[in-house]
Amino acid sequence: MGGRIVETEAYPPGDRSGHAYHGRTARNQSLFLDRGFAYVYFVYGTSYMLNVTAEEPGIGAGVLLRAIEPLEGINLMKRLRKTDKLRDLARGPGRLAAALQIDQRLDGVDLCANGPLWLGTAVRETTHVSTTARIGITREVGRLLRFFEAGSPFVSGPLNETRSR
DNA sequence: AAGAAGATTCGCT
DNA sequence: GCGAATCTTCTTA
């Protein structure tokens, strides 16, 4: 299964809402890997979240993948998500992880290698990216670090753009 | 040792 | 729209 990433959020170094802010722990250690690795964690007793590390080794920073446009293995993803609605397959970070069968076993995987989970080059370029505040956090609320493809029906949350390019 | 909060989702009203 | 579900981590509320 797979798809095209249409919504992300950035958690840069030193950001008070980021998991790395209080230093390295057993849970967040993979956030401190080199760029392009997976940081997977579990929240609310229900959902896994997938991040891509975004800084050099030793610096904890990452990008949360919040939504993909489903392209490959749609029937399998429908089974994993227990829904037939294409739009709901991977709209939201927990749903995205469920659709791609992502769990803690994929924590620390190299996303630029030939492994169980990887990132590739876009099959179709995103031309219009909108920016808003991040969703579901309580600190650094004012930073405009959520990015999504304008007009995509596969994006979660508010669609009113704060800024675009 | 116990409790609260958390980068959410789902089902019900 | 609201609250429950459900579990890991960090704090001591």
Side-chain angles (χ1 to χ4, degrees), chain A residues 1 3-55 59-70 73-74 76-109 111 117 119 126 129-150 152-163:
Chain A
M1 51 287 206
R4 191 169 149 266
I5 298 169
V6 293
E7 181 185 2
T8 63
E9 282 178 1
Y11 290 87
D15 187 278
R16 293 201 310 284
S17 62
H19 285 186
Y21 183 65
H22 297 287
R24 195 188 307 233
T25 66
R27 177 213 213 181
N28 70 16
Q29 55 177 334
S30 53
L31 252 187
F32 294 81
L33 294 171
D34 202 352
R35 297 181 173 95
F37 284 77
Y39 165 49
V40 178
Y41 72 96
F42 194 58
V43 267
Y44 297 127
T46 55
S47 308
Y48 287 99
M49 306 275 160
L50 172 62
N51 295 251
V52 182
T53 55
E55 279 292 343
I59 297 182
V63 172
L64 170 68
L65 302 189
R66 289 193 57 93
I68 65 172
E69 172 183 340
I74 287 173
L76 176 54
M77 290 196 282
K78 283 179 178 175
R79 270 209 305 282
L80 291 166
R81 285 274 300 114
K82 298 180 172 47
T83 179
D84 279 333
K85 289 185 178 174
L86 182 65
R87 183 161 181 260
D88 287 344
L89 283 187
R91 183 168 52 91
R95 292 167 170 176
L96 181 155
L100 297 179
Q101 211 168 24
I102 285 165
D103 59 29
Q104 71 278 5
R105 292 171 311 185
L106 293 175
D107 188 38
V109 163
L111 298 176
L117 183 66
L119 290 169
T126 302
V129 177
S130 291
T131 308
T132 70
R134 290 170 291 183
I135 296 175
I137 57 169
T138 56
R139 287 181 268 231
E140 306 262 11
V141 175
R143 303 186 74 177
L144 304 180
L145 292 176
R146 171 172 170 254
F147 306 93
F148 60 93
E149 180 179 38
S152 170
F154 300 102
V155 164
S156 71
L159 300 175
N160 51 313
E161 68 182 49
T162 306
R163 190 184 74 198

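Just so you know, these numbers use all the heavy atoms, side chains as well, and skip hydrogens, waters and symmetry mates. Numbered from 1 within each chain, the chains take letters A, B, ... in sequence-line order.
Of all nucleotides present, none satisfies the Watson-Crick or G-U wobble test against C/dT6 with each distance under 3.5 Å. Base pairing of B/dA7: no nucleotide in any strand meets the Watson-Crick or G-U wobble criterion (both distances under 3.5 Å).
The distance between atom CG of A/L65 and atom C1' of B/dT8, rounded to the nearest whole Å, is 16 Å. The CZ-C1' distance, from A/R91 to B/dA7, rounds to 17 Å in whole Å. Between A/H19 atom NE2 and B/dT8 atom P there is a gap of 9 Å when expressed in whole angstrom units. Atom CG of A/L64 is separated from atom P of B/dG6 by 16 Å (rounded to the nearest Å). Rounded to a whole Å, the CZ atom of A/R139 is 8 Å from the P atom of B/dA7. Between A/D88 atom CG and B/dT9 atom C1' the separation is 11 Å, expressed in whole Å. At whole-Å resolution of the value, CG in A/L89 and P in B/dC10 are 11 Å apart.
A distance of about 23 Å separates the P atoms of B/dA7 and C/dG1, rounded to the whole Å. Spacing of C1' atoms, B/dG6 relative to C/dA13, comes out at 15 Å, to the nearest Å.
Ring orientation note: the planes of A/H19 and A/Y39 are nearly perpendicular, at an angle over 60° on the 30°/60° scale.
A cation-pi arrangement is absent between A/R4 and A/F154 under the rule of less than 6.0 angstrom and at most 45 degrees off the ring axis.
At distances below 3.5 Å, not a single donor-acceptor pair connects side-chain atoms of A/R27 with backbone N or O atoms of A/Y41. A donor-acceptor pair is defined here as one N or O able to donate and one able to accept, closer than 3.5 Å; such a pair exists between the side chain of A/T53 and the backbone of A/G36.
Side-chain to base pairing of A/T46 with B/dT9: no donor and acceptor N or O lie closer than 3.5 Å to each other.
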Quick tally for nucleotides 8-13 of chain C: nucleotides whose base has a protein heavy atom under 4.0 Å get B, sugar-phosphate-only ones S, the rest -, giving -SS---

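For A/T138, counting side-chain heavy atoms from C-beta on, the closest listed nucleotide (B/dT9, B/dA7, B/dG6) is B/dG6. For A/R81, the side-chain atoms get nearest to B/dC10 when compared with the rest of B/dA7, C/dT6, B/dC10.
Residue A/R146 places none of its side-chain N or O atoms closer than 4.0 Å to OP1 or OP2 of B/dA7.
Test A/R146, A/R139, A/E140 against A/R143 for side chain to side chain contact (heavy atoms under 4.5 Å, CB included) and you get one pass: A/E140.
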